[in-house]
Amino acid sequence: MPKLLNKTCQLTNFRNPPKPSSTSSPSPPLADPATIANLILKSDNPESLPQTLYTLTEWTPNLVQTILKRLWNHGPKALQFFNLLESHPSYSHFADAFDHAIDIAARLRDYKTTWTLVSRMRSRKLGPTPKTFAIITERYVSAGKADKAVKIFLSMHEHGCQQDLKSFNVFLDVLCKSKRAEMAYKLFKIFRGSFRADVISYNIIANGFCLKKQTPRALEVMKEMVERGLEPTLTTYNILLKGYFRAGQIKEGWEFFLQMKKRKIEIDAVSYTTVVHGFGVAGEVEKARKVFNEMIGAGVLPSVATYNALIQVLCKKDSVENAVVVFEEMLKKGYVPNATTYNVVIRGLCHAGKMDMAVEYMDKMKDDCDPTIQTFNVVIRYYCDNGEIEKALEVFKKMSGETCLPNLDTYNVLISAMFVRKKSDDLLIAGKLLMEMVDRGFLPRKFTFNRVLNGLLLTGNQGFAQEILRLQSKCGCLPRHFRL
DNA sequence: TTATGCTTAT
């Protein structure tokens, strides 16, 4: 895998970028991000792309960010775009674009490119910033290289970026969010003196233990913090509240909530949302509703997240019809639903077999927010499960004109669906999807390769099978069972 | 998106 990805992400292209032709119009037309992104995705001809990009439009940091975001699921292409634009005769990247590119490279686990970008960022005096290091360490941790991440954090200053309490806290949080509370806690104990750990540091560690459903340990941390003379904040209490519910300790969570009230802690929408969601997950629909109503009575305004929690409860444990009623209520009160709200409702509708309505909500969604990859994946998945393959493919096609593009999950779901009808044409589509996903920087599982190969061979598509086989060996995972 | 906490689901 790394071999292929490294190759696609090389940063050495176009030392001498072609100059924009002198005959081009004085002010290039403004182009929209989706069109440009599609142009980049489709270009198999890297020779002509720079020329096109340089003269295409007036480049702005904003446009660059939008396109990078859009190409997020297509790492190699995104980096190719970033690199080409870096050689633009008059446009220069800002720090944000570097951070974005670094994030993409690190996500592809292409660390060589990652660090090349960091040093280029440094030579342009744009960073690396604490944010850059937050991104890099997070990627290392999520790739299972937590020890390496610690080393990177401790060597920040060697890259011209000083550590402080803020970056220390961010790093602790990165470790905790990836379920490494114990490691974070050890590090915390070593460095809390030199960084002058504060309430936030303690909250992060307590939350880390809560994420691992170790509420007693979280309580210990809180106790320790009080012993050291730090006052717990509302956030501290909310972290523990959530911890109880997450660990399935519903009774303890509710008791804790009552204690908070008794101690005259000013309970906020976050506390209420936590309880509504907690009861919901436990299947206690009525209690969830009751708490929701109680908060309004107590003069705490529900947030969109509170509505989301209630709507989700109703979708999962009551009925989607009742969920839609709450959704409409929310609109009437002037709330603007966010992507989560829509995704929850759309999932509920799909689950209830109301696919047409789900698609209607997907259209409505566009007035309030951009559909997310989950929106598309849910609808595609349910269409596939219902055997409506054509409709699934239609939604998939529509994605190329949207704000987000297919991810690994999308491809896996669709490719699997291409086997249910046992149609030769479907297998050809599966093959095409497989090629497209590799081209866009995803690595299919061996299982997927074998399945597609098998299908193509059985339907007499020897030629195409051979092509897929070549692709597979390029990806570095040679098949065991096939000899063509 | 990046100094803690609430909402999807990967």
Side-chain angles (χ1 to χ4, degrees), chain A residues 65 69 72-73 96 99-100 102-103 129-139 142 163-174 176-177 184 188 195 197-211 218 221-222 225 230 232-243 245-246 260 265 267-278 280-281 288 291-292 295 300 302-313 315-316 330 335 337-348 350-351 365 369 371-378 381 407-410 412-413:
Chain A
Q65 282 301 87
K69 212 173 140 190
W72 176 246
N73 283 327
D96 277 349
D99 282 342
H100 214 132
I102 286 166
D103 200 5
T129 64
K131 182 179 162 189
T132 316
F133 278 94
I135 290 165
I136 295 173
T137 49
E138 187 191 324
R139 291 299 169 198
S142 61
Q163 301 109 314
D164 54 8
L165 175 59
K166 188 168 160 175
S167 54
F168 181 56
N169 283 343
V170 172
F171 184 56
L172 291 179
D173 196 39
V174 163
C176 286
K177 294 256 167 72
F188 168 80
F195 284 113
D198 62 357
V199 183
I200 294 174
S201 325
Y202 279 96
N203 284 350
I204 287 167
I205 301 292
N207 187 47
F209 283 119
C210 285
L211 287 172
V221 173
M222 187 175 134
M225 142 186 193
L230 290 166
T233 60
L234 176 58
T235 303
T236 317
Y237 293 109
N238 283 340
I239 285 168
L240 275 151
L241 185 65
K242 174 80 182 175
F245 280 106
R246 184 187 284 111
M260 283 170 72
I265 292 159
I267 292 170
D268 67 354
V270 175
S271 328
Y272 279 108
T273 305
T274 303
V275 178
V276 171
H277 180 250
V281 169
V291 173
F292 185 88
M295 83 184 278
V300 179
S303 64
V304 173
T306 323
Y307 273 101
N308 293 349
L310 182 64
I311 289 170
Q312 192 206 175
V313 173
C315 280
K316 290 202 173 158
M330 166 181 187
Y335 285 89
N338 61 21
T340 303
T341 327
Y342 279 104
N343 286 343
V344 169
V345 172
I346 289 168
R347 167 174 300 276
C350 287
H351 193 74
M365 180 175 190
C369 55
T372 66
I373 186 67
Q374 286 91 347
T375 323
F376 290 104
N377 285 353
V378 163
R381 190 186 294 268
N407 67 6
L408 182 64
D409 208 37
T410 325
N412 281 335
V413 168

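All chains are named by letter (A, B, ...) in the order of the sequence lines, taking the proteins before the strands, and each is independently numbered beginning at 1.
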Worksheet item: Considering only dG5(B), dA3(B), dC6(B), which nucleotide approaches the side chain of Ile200(A) most closely?
Response: dA3(B)

Response to the item:
Lys166(A) atom NZ is separated from dT2(B) atom P, nearest whole Å, by 9 Å

Worksheet entry | Side chains of Asp164(A) and Ser167(A), donor plus acceptor under 3.5 Å | yes

Discussion item. Without decimals, in angstroms, what is the distance between Ile346(A) CD1 and dT8(B) P?
Written reply: 15 Å

Discussion item. Looking at Lys316(A), I'd like to know whether one of its side-chain N or O atoms comes within less than 4.0 Å of OP1 or OP2 on dA9(B).
Written reply: yes

Worksheet item: Judged by modelled atom types alone, do Thr340(A) and Asn343(A) share a side-chain donor-acceptor pair under 3.5 Å?
Response: no

Worksheet item: Taking only side-chain nitrogens and oxygens of Arg246(A), does any of them come within less than 4.0 Å of OP1 or OP2 of dC6(B)?
Response: yes

Worksheet entry | Tyr335(A) OH to dC6(B) C1', straight-line distance once rounded to whole Å | 14 Å

Worksheet item: With a 4.0 Å cut-off on heavy atoms, is Asn338(A) in touch with a base, just the backbone sugar-phosphate, or nothing at all?
Response: base

Practice prompt. When you get a sec, tell me which of dA9(B), dG5(B), dT7(B) is the closest nucleotide to the side chain of Arg347(A)?
Written response: dA9(B)

Worksheet item: For the pair made of CZ in Phe168(A) and P in dA3(B), what is the distance, rounded to whole Å?
Response: 15 Å

Worksheet item: Short question: side chain of Tyr307(A), backbone of Tyr335(A) - any donor-acceptor pair under 3.5 Å?
Response: no

Response to the item:
The single option from Val174(A), Asp99(A), Thr129(A) that satisfies side-chain contact (heavy atoms from CB on, under 4.5 Å) with Ile135(A) is Asp99(A)

Worksheet item: Over how many whole Å does the gap from Lys131(A) atom NZ to dA3(B) atom P extend?
Response: 9 Å

Worksheet, complete the sentence: From CG of Leu172(A) across to C1' of dT2(B) the rounded distance in Å is 14 Å

Discussion item. Please determine whether a side-chain nitrogen or oxygen atom of Gln312(A) lies at a distance below 4.0 Å from atom OP1 or OP2 of dT8(B).
Written reply: yes

Response to the item:
Ranking dG5(B), dT4(B), dT8(B) by distance to the side chain of Asp268(A), first place goes to dG5(B)

Worksheet item: Does the side chain of Lys177(A) get closer than 4.0 angstrom to OP1 or OP2 of dG5(B) through an N or O atom?
Response: yes

Discussion item. At 4.0 Å (heavy atoms only), tell me whether Ile204(A) reaches a base, stays on the sugar-phosphate, or touches nothing.
Written reply: sugar-phosphate

Discussion item. Nearest to the side chain of Leu165(A), heavy atoms from C-beta on, is which of dA9(B), dA3(B), dT4(B)?
Written reply: dA3(B)

Discussion item. Using OP1 and OP2 only, check whether a side-chain N or O of Asn308(A) sits under 4.0 Å from dT8(B).
Written reply: no

Practice prompt. Have a look at Ile135(A) and say if it touches a base, only the backbone sugar-phosphate, or nothing, with a 4.0 Å heavy-atom cut-off.
Written response: base

Worksheet item: For the side chain of His277(A), counting heavy atoms from C-beta on, which of dT4(B), dC6(B), dT8(B) is nearest?
Response: dT8(B)

Item to complete: Check every strand shown and say whether Asp198(A) touches a base, only sugar-phosphate, or nothing at a heavy-atom separation below 4.0 Å.
Response: base

Practice prompt. Would you indicate which nucleotide in dG5(B), dA3(B), dT8(B) comes nearest to any side-chain atom of Val270(A)?
Written response: dG5(B)

Worksheet item: Nearest-Å distance, OH (Tyr307(A)) to C1' (dT7(B))?
Response: 14 Å

Discussion item. Considering every strand and a 4.0 Å limit on heavy-atom distances, what is the contact class for Leu234(A): base, sugar-phosphate, or nothing?
Written reply: base

Item to complete: For Thr306(A), answer base if it contacts any base atom (sugar-phosphate contacts may also be present), sugar-phosphate if it contacts only those atoms, and nothing otherwise; contact means non-hydrogen atoms under 4.0 Å.
Response: nothing

Worksheet item: What integer distance in Å separates Lys69(A):NZ from dT2(B):P?
Response: 11 Å

Practice prompt. List the steps, then state whether side-chain contact (heavy atoms from CB on, under 4.5 Å) holds for Ile267(A) with Val300(A).
Written response: CA-CA 8 Å; Ile267(A) 292 170; Val300(A) 179; 5.7 Å; no

Worksheet item: Which of the following nucleotides, dT7(B), dA3(B), dG5(B), is nearest to the side chain of Thr340(A)?
Response: dT7(B)

Discussion item. What I want to check is whether the side chains of Thr236(A) and Thr233(A) have a donor and an acceptor closer together than 3.5 Å.
Written reply: yes

Practice prompt. Indicate whether any N or O donor in one side chain lies under 3.5 Å from an N or O acceptor in the other, for Asn207(A) and Asp173(A).
Written response: no

Item to complete: Determine the Euclidean distance between corresponding C1' atoms of dT1(B) and dT7(B); express it in Å to zero decimal places.
Response: 16 Å

